[in-house]
Amino acid sequence: MDFRLLLALASSLVAAALPGAATAATYYVRASGSDAADGRSPASAFATIRKAAAAVLNPGDRVVVGPGTYSEGDIGPAHNGIPNRPVVFFADRSGAETGDQPGPVVVTPMAPYTTGFLFLGKRGVTIDGFTIRGATDACVQVRTSADGTTASTAITLRNLEVSNCTRRGIDVTAVGSVTVEDSVSFGNTTGISILGPGGAGPRQDASLGAPEILARGNTVRSNTAAGIFLERVVGGLVADNLAHDNGTVGIDVRSSSGLSVLRNDVRRNREGGIVAGKGVGDRAVGDVEVSANVVTENLGPAIEIIAAGTVVAAANTVPAAPSSAVVVRGNGTAVATIRDNDLAASAIDAVFVESVADALIERNDIDNSGENGIQVRSSLSASIRDNEVMQAGSNGIDVEGDGVVAIENNRVISVGVQRSAPAIAVESLLGSAMITILGNEISGASSHGVSVAGAVAGSVSSNDIDGVGGHGILLDRSAGISLRDNDIAGVVFAGIRGRESADLVAIGNVVANPPDGGINFEADGTVELRENRVFGSGDSGLAVVSASPESTALFASNVVSESEVRGVFSTGAQFATGVGNQITTSGQSGINLPGTGG
């Protein structure tokens with residue numbers, strides 16, 4: 001035999017043996033068809049989808065189903081697809097391929113069948129365009145093989161309508177990669193449920209790529225539990241979905257990582273909008289982003305994240321929240337970033353962060369929160385900057401922590417409207433906080449402009465404080481604090497007040513018309529007041545009262561005018577020195593440093 005002929009024959013045999021080498025076939029199903037036919041043309045269509053599914057032999061095979069109602073279920077292909085050549089079940093709603101009149105393609109599972117489509121350990125399969133109703137189990141199920149060894153993967157569920165099934169609308173368990181898109185789910189328990197293996201389940205074929213979950217463009221509404229539920233998912237995207245009027249949470253994510261929740265519209269769900277990491281036991285999430293969503297009128301928190309890793313909540317819009325708008329609770333090591341959110345009309349806190357190692361809260365627009373604008377609790381480090389907080393019922397910014405706190409360049413306007421509270425408050429219960437409060441604009445607080453308790457180092461500088469119902473700045477039980485270049489007016493009590501504190505420095509501050517004193521320190525250690533200007537004080541312009549005889553007080557290059565009592569006053573310090581001060585029109589005395597060595 002000719003060598004070239006042998007070579008050609010061998011090549012053809014090898015090619016025939018390759019996966020997917022066989023020619024893909026199309027099988028037709030019509031309501032008017034017959035399972036005794038061959039299904040290879042509209043004229044010889046099968047009557048049932050199950051018959052066509054059993055006929056599938058090769059990757060790339062298609063099952064085209066014409067409009068009508070098919071009372072069957074537990075449908076799944078006999079064989080798998082491969083990358084770029086999936087097995088496709090296509091609902092021909094237009095009738096363009098089957099020649100039928102346009103209409104829905106409806107699957108209503110009847111006994112003994114419990115579900116519409118059932119994939120056990122399948123890969124490379126697409127379902128497109130079907131309506132599945134009234135299953136006694138889930139409308140669509142994607143699961144591992146019956147023996148639990150093979151995950152279903154590379155599954156696409158597209159353009160489906162799944163409704164009024166006894167359990168979930170779409171139920172996916174322990175899969176590799178799955179896409180659920182442009183589908184509608186209503187009247188079920190959970191609308192779309194995806195439970196990944198979380199690293200512990202059977203692995204998919206490596207040729208199909210990394211496991212990833214994609215749920216996008218779906219509408220989930222009026223389900224009795226969650227709209228979209230994901231658990232043990234590693235890597236994925238939940239995007240552009242509409243989730244509304246569900247019985248629990250709009251989007252519920254648990255025990256997952258590497259997940260992005262983006263551009264969803266979530267509203268009027270009964271227990272929360274987007275909730276990640278909540279549930280019985282340890283369900284915390286890590287490396288999760290929740291961004292660019294619209295979340296409104298949900299009865300629980302709009303966005304709530306229980307974090308065990310890095311989480312981001314950014315560019316979300318919350319027009320109304322009957323609870324809190326954005327909540328992040330960590331495990332002590334989590335890192336949280338909350339930025340660029342537009343948060344209005346939250347009944348409790350607009351932003352609440354607790355027990356994280358590092359919190360960055362920046363560029364949020366917060367209006368009309370029932371409690372605090374921003375509240376941070378029990379966190380090691382917090383940076384709060386460039387936010388605008390208006391009309392908060394309590395504090396504008398409230399931090400309780402014993403680590404590093406930076407509050408910079410925020411606008412805090414008209415806060416404490418429900419109860420007396422400072423515009424900015426920092427409290428360290430252990431007396432160990434290190435603070436930077438810089439460049440903030442504060443106006444219209446019902447209590448103090450800035451209140452600091454328990455800090456051991458730091459600065460309060462370049463803040464503009466006007467129209468507050470207490471002190472401009474209050475330091476309590478703090479030490480090692482520098483107060484520089486603050487501009488304070490319109491206070492009810494003192495411009496700057498220090499109580500039970502030590503080692504304070506006040507330089508370059510301007511205080512106008514304080515009824516209860518310009519800068520008034522009850523402080524031990526080394527106290528310096530330099531280059532400050534105080535006008536129209538109702539008490540002493542500058543005062544230092546020390547309990548420790550070892551304390552020292554320095555007043556240098558200050559300008560004090562029109563104080564009703566004293567211009568400069570010190571008592572209790574071992575040494576009190578006044579150098580280069582300008583005192584004019586003081587009610588009792590210009591400089592009074594009794595009982596000191598100065």
Carboxylate-amine/guanidinium contact [X] [Y], below 4.0 Å:
X      : Y      : value
Asp35  : Lys51  : no
Lys278 : Glu271 : no
Arg268 : Glu297 : no

Is it true that the side chains of Tyr70 and Arg50 contain a donor and an acceptor less than 3.5 Å apart?
->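 No, because no side-chain N or O of Tyr70 sits under 3.5 Å from a partner of the opposite role on Arg50.
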Quick one: pull up [atom1] in [X] and [atom2] in [Y] and give me the separation to the nearest 0.5 Å.
X      : Y      : atom1 : atom2 : answer
Ile132 : Ser185 : CD1   : OG    : 10.0 Å
Asp245 : Phe186 : CG    : CZ    : 13.5 Å
Arg216 : Asn264 : CZ    : CG    : 13.0 Å

Using distance only, find each side-chain donor-acceptor pair of residues 161-169 under 3.5 Å and give its atom names and separation, not counting sequence neighbours.
unit_1 : atom_1 : unit_2 : atom_2 : d
Thr166 : OG1    : Ala135 : O      : 3.3
Arg168 : NE     : Ser193 : OG     : 3.4
Arg168 : NH1    : Asp171 : OD2    : 3.3

Measure from NZ or CZ of Arg40 to the centre of the six-membered ring of Tyr28 and say whether it is under 6.0 Å with the direction within 45° of the ring axis.
->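 No; the conditions do not both hold, so Arg40 does not lie above the ring face of Tyr28.
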Considering residues at least two apart in sequence or located in another chain, which fulfil the ring pair (Phe, Tyr, Trp, His ring centres under 6.0 Å) criterion with Phe130?
->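 Ring pair (Phe, Tyr, Trp, His ring centres under 6.0 Å) check on Phe130 returns Phe117.
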Pairing residues for Arg270 by the salt bridge (charged side-chain N to carboxylate O under 4.0 Å, His left out) criterion, not counting sequence neighbours =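 None.
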Using salt bridge (charged side-chain N to carboxylate O under 4.0 Å, His left out) as the criterion, list what pairs up with Asp38, not counting sequence neighbours.
->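 With sequence neighbours excluded, Asp38 shows a salt bridge (charged side-chain N to carboxylate O under 4.0 Å, His left out) to no residue whatsoever.
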Walk me through it: do Asp349 and Ser346 pass the test side chain to side chain donor-acceptor pair (under 3.5 Å)?
-> CA-CA 6 Å; Asp349 301 322; Ser346 54; over 6 Å; no
Taking only residues at least two apart or on different chains, which pairs with a member in residues 340-385 satisfy disulfide (SG to SG under 2.5 Å)?
->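 Matches after skipping sequence neighbours: none remain.
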Pairs meeting criterion disulfide (SG to SG under 2.5 Å) with involvement of residues 304-346, two or more places apart =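 Every candidate disulfide (SG to SG under 2.5 Å) pair involving residues 304-346 fails, so no pair, neighbours aside, qualifies.
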Pick one: which of Ile361, Leu360, Asp358 meets side-chain contact (heavy atoms from CB on, under 4.5 Å) with Thr337?
->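 It is Leu360, the one option of Ile361, Leu360, Asp358 that forms the side-chain contact (heavy atoms from CB on, under 4.5 Å) with Thr337.
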Atom CG of Asn84: over 12 foreign heavy atoms under 6.0 Å |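 Open.
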CA sep, side-chain torsions, deciding dist, call: Thr149, Asp147, side chain to side chain donor-acceptor pair (under 3.5 Å) | CA-CA 6 Å; Thr149 61; Asp147 61 7; 2.7 Å; yes
